[in-house]
Amino acid sequence: MSKTSQNYILTQEERDKLLEKLGTLEKQNVSLQQELRLQQTQSVASSEDLFLELLEVGDALEALLEYLENNDLTPEFLQRLPRSVGAVHRKFLNILKKRQVFPIELEGTQPDFNLCRVVDREIRTDLEDQTITKIVLGGFRCGEKILRPAEVITSLTE
């Protein structure tokens, strides 16, 4: 008899165990499918919430732009403008915060290359070499993951 055409005979006990395992696997499969559907539904809902919140930020910016286009820029308005833009910026940062996305806080004056990227150098005789002189673009992290490193300018002491 060839190896590929062997017949396997199961005892009733072995057959019962296999059927029991198959039933357990089918239950696990159904349970996993239900869990996957639930996670997909939650993911879609979370995305929709994010989009609605971002639309609110967009609406605030649109209203500000419309006001700028259609009104005279009085000294009073220009004085309030930084507060208005700041309020929109805070709203945006709060949206990120709710999703555990936080600005990177750079500590010290020397760049931590895990958290920032040097995009330019400027000659400075009053500072130690590679001292951060300006943060050009803030960085963000989500938990321990760096989403975007901070972009900085550092000193060059020639």
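Residue numbers start at 1 and run along the sequence shown. Because the structure is predicted, anything quoted here is derived from the model rather than measured.
Residues Arg148 and Leu137 meet the side-chain proximity criterion, which asks for heavy atoms closer than 4.5 Å. Two residues are said to be in side-chain contact when any heavy atoms from C-beta on lie closer than 4.5 Å; Thr131 and Gln110 meet this criterion. You'll find the side chain of Ile95 reaches within 4.5 Å of the side chain of Leu50, heavy atoms only. Side-chain contact between Val152 and Leu106: present, with at least one pair of heavy atoms (C-beta onward) separated by less than 4.5 Å. In this structure, the side chains of Val118 and Ile153 stay at 4.5 Å or more apart for every pair of heavy atoms. Side-chain contact check for Thr41 versus Val44: every heavy-atom pair is 4.5 Å or farther apart. Leu18 has its side chain out of reach of Glu14: every pair of non-hydrogen atoms, C-beta onward, lies at least 4.5 Å apart. Looking at Leu32 and Val30, their side chains never come closer than 4.5 Å, going by heavy atoms from C-beta outward.
The minimum heavy-atom distance linking Asp129 with Thr157 is given by the pair OD1-N, 3.3 Å. Nearest heavy atoms, Ala150 versus Ile104: N-CD1, 4.5 Å. Nearest heavy-atom pair across Pro149 and Cys116 is CB-CA, 4.0 Å.
Rounding to the nearest 0.5 Å places CZ of Arg83 at 10.0 Å from CZ of Arg90. The CG atom of Leu127 lies 7.5 Å from the OG1 atom of Thr133; values are rounded to the nearest 0.5 Å. Rounding to the nearest 0.5 Å gives a distance of 15.0 Å between NZ of Lys17 and CZ of Arg15. The CG atom of Asp16 lies 13.0 Å from the NZ atom of Lys21; values are rounded to the nearest 0.5 Å. Note: Ser31 OG to Leu36 CG = 11.0 Å, rounded to the nearest 0.5 Å. Atom CZ of Arg141 sits about 8.0 Å away from atom CD of Glu105, to the nearest 0.5 Å.
Residues Leu61 and Phe92 share a hydrophobic cluster, clusters being chains of Ile/Leu/Val/Met/Phe/Trp/Tyr side chains in contact below 4.5 Å. The hydrophobic cluster containing Leu115 does not contain Leu96, counting ILVMFWY residues as joined when their side-chain heavy atoms lie under 4.5 angstrom apart, directly or transitively. Residues Leu65 and Val57 fall into different hydrophobic clusters, defined by Ile, Leu, Val, Met, Phe, Trp and Tyr side chains chained together at heavy-atom separations under 4.5 Å. Tracing side-chain contacts under 4.5 Å through hydrophobic residues (I, L, V, M, F, W, Y), one never reaches Leu19 starting from Leu25; they form parts of separate clusters. Residues Leu81 and Val88 are members of separate hydrophobic clusters, defined by side-chain heavy-atom contacts under 4.5 angstrom among Ile, Leu, Val, Met, Phe, Trp and Tyr.
The closest donor-acceptor contact from the side chain of Ser43 to the backbone of Gln39 lies at 3.5 Å or more, if one exists at all. A donor-acceptor contact shorter than 3.5 Å is absent between the side chain of Asp72 and the backbone of Thr74.
Legend: ring pair (Phe, Tyr, Trp, His ring centres under 6.0 Å) pairs involving residues 42-70, not counting sequence neighbours, sorted by first then second residue: Tyr67-Phe77.
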Original post:
Can Leu38 and Gln34 be said to form a side chain to side chain contact (heavy atoms under 4.5 Å, CB included), step by step?
Top reply: CA-CA 6 Å; Leu38 178 62; Gln34 289 172 339; over 6 Å; no
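Salt-bridge annotation for Arg80 and Glu76: absent, with no side-chain N of the basic residue lying under 4.0 Å from a carboxylate O of the acidic one.
Every residue was checked against the side chain to side chain contact (heavy atoms under 4.5 Å, CB included) condition with Glu107, not counting sequence neighbours, and none meets it. The salt bridge (charged side-chain N to carboxylate O under 4.0 Å, His left out) search around Arg99 returns Glu53, not counting sequence neighbours.
Atom CD of Gln33 has more than 12 neighbouring heavy atoms from other residues, nucleotides or ligands inside a 6.0 Å radius.
In summary, of the residues considered (Lys134, Arg124, Arg121, Gln130), a side chain to side chain donor-acceptor pair (under 3.5 Å) with Thr154 occurs for Arg121 alone.
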